[in-house]
Amino acid sequence: MYIDIDHSLCMGAGQCALTAPSVFTQDDDGFSALIPGREDGGGDPMVREAARACPVGAITLSGAGS
């Protein structure tokens with residue numbers, strides 16, 4: 001799976017980091033970021049829910065199992 005965060009849309013709500021904290025975090029400015037080494041989702045089943053939870057749709061998933 002490939003995770004893409006559209007940083008031009010992200011408003012820093014933090015729903016991704018709350019939903020899938022093993023994959024998402026927030027950068028120093030409060031915007032969504034991927035934890036290094038977890039760019040493929042790391043098999044976390046909550047990644048899909050984190051993408052759905054984003055209030056502005058800044059997270060898209062593509063590739064196998066997306």
Side-chain angles (χ1 to χ4, degrees):
M1 169 185 327
Y2 177 76
I3 302 168
D4 181 58
I5 302 170
D6 184 338
H7 295 284
S8 68
L9 289 177
C10 180
M11 62 181 225
Q15 294 303 305
C16 57
L18 290 171
T19 305
S22 69
V23 177
F24 296 95
T25 188
Q26 289 179 289
D27 65 17
D28 292 339
D29 295 321
F31 296 103
S32 181
L34 293 168
I35 293 176
R38 301 304 296 244
E39 292 86 358
D40 64 354
D44 188 329
M46 294 304 290
V47 170
R48 286 179 197 80
E49 184 57 34
R52 283 191 290 271
C54 180
V56 294
I59 300 169
T60 55
L61 308 176
S62 59
S66 60

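Just so we're clear, the structure is a prediction, and the values are computed from it rather than from any experiment.
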_To the nearest 0.5 Å, what is the distance between CD on Gln15 and CD on Glu49?_
10.0 Å

*Contact check, side chains of Leu34 and Phe24, non-hydrogen atoms, under 4.5 Å*: yes

_Show the nearest heavy-atom pair for residues Ile59 and Ala51, with the distance to one decimal._
CG2-CB, 3.7 Å

*Distance, nearest 0.5 Å, that separates CG of Asp27 from NE2 of His7*: 7.5 Å

*Nearest atoms (heavy-atom pairs only) where Cys16 meets Ser32*: SG-OG, 3.2 Å

*Do you know which two heavy atoms are closest between Ala58 and Leu9, and how far apart they sit?*
CB-CB, 3.9 Å

Show me the donor-acceptor pairs, under 3.5 Å and distance only, between side chains in residues 38-47 and residues at least two apart or in other chains.
unit_1	atom_1	unit_2	atom_2	d
Arg38	NH2	Gly42	O	3.4
Glu39	OE1	Gly37	N	3.0
Glu39	OE2	Gly37	N	3.3
Asp40	OD1	Gly42	N	2.9
Asp44	OD1	Met46	N	2.7
Asp44	OD2	Ser22	OG	2.6

_Minimum heavy-atom distance Ala17-Gln26, with the two atoms named_ = CB-CG, 4.4 Å

*Between atom OG1 of Thr25 and atom CD1 of Ile35, what is the distance when rounded to the nearest 0.5 Å?*
5.5 Å

*asked:* Could you see if Ile5 belongs to whatever hydrophobic cluster contains Met1? Use Ile, Leu, Val, Met, Phe, Trp, Tyr and a side-chain cutoff under 4.5 Å.
replied: yes

*All side-chain hydrogen bond (donor to acceptor under 3.5 Å, both in side chains) counterparts of Asp6, not counting sequence neighbours*: Ser8

*Output the distance between atom CZ (Arg48) and atom OG1 (Thr19), rounded to the nearest 0.5 Å.*
14.0 Å

